[in-house]
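One structure is given below, encoded as structure tokens.
FYI, the numbering just counts along the sequence from 1.
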Amino acid sequence: MRTYDAGKCDIVVIGAGHAGIEAALAAARLGLDTVCFTVSLDAVGNMPCNPAIGGTGKGHLVRELDALGGEMGRAADRACIQYRMLNRGKGPAVHSLRAQADRRKYQEVMKHTLELQENLRLKQGEVVAIGTEDGRVTSVTTDKGAVYGTRAVVVASGTYLGGRTITGEAVRDSGPDGLAAALPLTDCLKGLGLRMRRFKTGTPPRVNARTVDLSKMQVQVGDDDMEPFSFSTKDKPENKVTCWLTYTNAETHRIIRENLDRSPLYSGVIEGVGPRYCPSIETKIVTFPDKERHQLFIEPMGLNTEELYIQGFSSSLPEDVQIAMVHTLPGLEHAEITRPAYAIEYDCVDPTELYASLMSKKIAGLFGAGQFNGSSGYEEAAAQGWVAGVNAARFVRGEDPLILRRSDGYIGTLIDDLVTKGTEEPYRMMTSRSEYRLLHRQDNADERLSAIGHEVGLVSDEQYHAVLEKYAAVDAEILRLKKNHVYELLKRPENSYASLAPQDPERPDLPPAVVREVEIAVKYEGYIRRQLKEIQAFSKMEDRALPPDLDYEAIPGIRTEAKQKLSAIRPASFGQAGRISGVSPADLTALMIWVEKDR
């Protein structure tokens, strides 16, 4: 193919899904000349799986991203049509916001945001090669022969890279929703020396609401007292739709079992590793043979469509089997499938190939984000996209990378898990992955991370000052309460800030967000103090840097497995070294003795 010089830019972002969007916006907003490529402009911000934002652990990521200056929370508040706070019956550490989105509205919002962004060019085209010289990124080449000189590249390829969709015996090279797969880039990345993986995910069938009997299902309404995702959203969200709940049954399970020989999962057609925490319905039936039923959520795809999404019914079985399965479900006996379910395999990188900045250890200026890094989920992708975009900009400027630590929040935990421990399956964020859940709540993400976003340059002075004023009010109210008997009363689980109002006539009129922070701080004072001490101990280990060129093979007292893992991952600190699978406390002690002796 003949190529031509298409000019230069600072940063190229490959992909305009949730990771690519945040990477491109972050880089452009930091003043870098950025070009974002997508295989189809109609796929910008696409939600090929469930059209929803947030969920357990994932809602935390959206709030943290918003506090840092990301876009997902703001877009969600413009496009979401039903809000629910999950885990309300549990403590505040695991409260997680989830909202059903209007799929096309979300895409429209995000695409227009990219189109309006200064320093950003959004282009339809497939990047087929990344050029390098002396171990550094120098260019990208598109399928049309355009060569763009660039100093950094963010690969945010989602499930398009080497994409292959599978519905029973129907197998084709394809990205999600029948869009073209990105095939040549995998060979280029392998040629650059990157270790690649093959992962798999799936999606359930969609049905026409006109053919569904919703009266046979349980109604799932949104919350009355709704909260937005973005701290900057002033208008209260509005619930515009209802969701429903139905269940599988013995007949559903019988049909699945009798057709397992036609399942690509069990016939060997599917080679990629799927997500353990989001299994297909056939996997659920095989794994839990004694379970009589599995719940399924029936959720609208948007306000201007009759398509309904069957959450929990992901499958790769043939279409005729899917039809039979769906018709066994209460309320769906006569449902018309508008889009059959499919599994999709795709290529991704071994994330231990990356630094915590999300830059490749082998190719300077090459960054990864989202499913390319082995994660699953829109929210995980968006969070990594922001970090990759910021660090690509800092790399081009010759600045030190921004590293979010586990002690900073869920985004730091997500990235540390990927680059330190790696993953053998698509990684999903859960609240249980954080050691500091009580401190890393979704409600206080602005307090924890807005200063970082402001320092980076993606949170405005006005936004940051609003956060400072909010928590100054929180501190002032806690101090006032400590001076009277109400403070001790508020610690009791049966009391709330509101219920104690008659005993506290001098209390100020405070915004609900301030009241919530006050109440949590008082009720969980002892637990919070303990976790702060744990973070102090953690920080000491993170601050003890390890030389980047350390020869682990030469250190006596470290087991062979640990030497191999340390040499491969090259941890930046003693803290990171201690989290590597296969490195024991004894290995860490030997490492400490050697480094101190060497110094």
Side-chain angles (χ1 to χ4, degrees), residues 9-15 18-36 61 64-65 67-72 117 119-120 130 132 135-138 140 150-157 192 194 349 351-375 380-406 408-420 449 451-459 542 545 548 569-573 576:
C9 63
D10 294 318
I11 297 170
V12 167
V13 177
I14 302 174
H18 306 283
I21 285 171
E22 297 292 348
L25 288 174
R29 287 168 176 171
L30 291 174
L32 282 298
D33 181 14
T34 305
V35 180
C36 180
L61 291 172
E64 291 187 352
L65 178 59
L68 289 165
E71 192 65 30
M72 177 174 268
Q117 180 59 51
N119 302 319
L120 177 58
I130 299 171
T132 63
R136 299 175 70 89
V137 165
T138 56
V140 300
T150 188
R151 293 188 281 173
V153 170
V154 178
V155 182
S157 48
L192 294 176
L194 300 184
V349 75
T352 61
E353 289 266 325
L354 308 174
Y355 293 114
S357 65
L358 297 183
M359 187 172 78
S360 166
K361 295 174 181 177
K362 295 173 180 174
I363 307 296
L366 179 62
F367 294 80
Q371 284 175 291
F372 177 73
N373 290 355
S375 64
E380 290 89 342
Q384 292 173 70
W386 186 92
V387 172
V390 167
N391 281 325
R394 294 168 80 95
F395 172 81
V396 170
R397 288 176 169 174
E399 300 171 353
D400 291 336
L402 170 70
I403 306 298
L404 294 177
R405 293 179 171 184
R406 300 183 74 89
D408 292 321
Y410 280 84
I411 298 178
T413 300
L414 161 68
I415 293 174
D416 183 64
D417 278 351
L418 288 171
V419 304
T420 303
L449 296 171
I452 295 175
H454 182 252
E455 182 181 354
V456 166
L458 293 174
V459 171
E542 294 300 297
I569 295 175
R570 308 214 66 80
S573 67
Q576 186 183 7

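At least one side-chain heavy atom of W386 sits less than 4.5 Å from a side-chain heavy atom of L458. By the 4.5 Å heavy-atom criterion applied to side chains, L61 and E380 are counted as neighbours. Between E22 and V387, the closest side-chain pair of non-hydrogen atoms is not below 4.5 Å. For the pair L404/L68, a side-chain contact is recorded, criterion being any heavy-atom separation below 4.5 Å from C-beta on. The shortest distance between side-chain heavy atoms of I130 and I14 falls below 4.5 Å. Between V349 and V155, the closest side-chain pair of non-hydrogen atoms is not below 4.5 Å. Residues R394 and P401 have side chains not in contact (no heavy-atom distance under 4.5 Å, counting atoms from C-beta outward). Two residues are said to be in side-chain contact when any heavy atoms from C-beta on lie closer than 4.5 Å; V456 and L30 meet this criterion.
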- Apply side-chain contact (heavy atoms from CB on, under 4.5 Å) to the pair L194 and L366, showing each step before the final yes or no. CA-CA 11 Å; L194 300 184; L366 179 62; 3.9 Å; yes
- Going through the checks in order, is the salt bridge (Lys or Arg N to Asp or Glu O under 4.0 Å) test met by R397 and D10? CA-CA 10 Å; R397 288 176 169 174; D10 294 318; over 6 Å; no
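Rounded to the nearest 0.5 angstrom, C9 SG and N119 CG are separated by 11.5 Å. Rounded to the nearest 0.5 Å, atoms CZ (F395) and CZ (R151) are 9.0 Å apart. Between I363 atom CD1 and L192 atom CG the span is 5.0 Å, to the nearest 0.5 Å. The structure places CG of L354 at 11.5 Å from CG of N391, a figure rounded to the nearest 0.5 Å. Note that CG of L358 and CD of E353 are 13.5 Å apart. Values are rounded to the nearest 0.5 Å. For the atom pair CZ of R29 and CD of E71, the computed distance is 4.5 Å after rounding to the nearest 0.5 Å.
Within a 6.0 Å radius of CD in E455, no more than 12 heavy atoms belonging to other residues, nucleotides or ligands are found.
Across all their heavy atoms, L32 and A393 have their closest contact at CD2-CB, 3.6 Å. Contact between A67 and V459 at its shortest, heavy atoms only, is O-CG2, 3.3 Å. Nearest heavy-atom pair across L449 and D408 is CD2-O, 3.8 Å. The minimum heavy-atom distance between A388 and G368, with the atom names listed, is CB-O, 3.9 Å. When all heavy atoms of V396 and A152 are compared, the pair lying nearest together is CG2-CB, 3.9 Å. Scanning both residues, T34 and A28, for their nearest heavy atoms gives OG1-N, 3.6 Å.
Q384 pairs with exactly one of L65, I411, N373, V154 by the side chain to side chain contact (heavy atoms under 4.5 Å, CB included) rule, that one being N373. Across T420, L414, I415, a single residue satisfies side chain to side chain contact (heavy atoms under 4.5 Å, CB included) together with L418, and that is L414.
In this structure, the side chain of R136 does not engage the main chain of G365 through any donor-acceptor pair within 3.5 Å. No side-chain donor-acceptor contact under 3.5 Å links S357 to the backbone of Y355.
Partners of P571 according to the side chain to side chain contact (heavy atoms under 4.5 Å, CB included) rule, which considers only residues two or more places apart in sequence or in another chain, are L546, Y552, L566, Q576, A577, I580.
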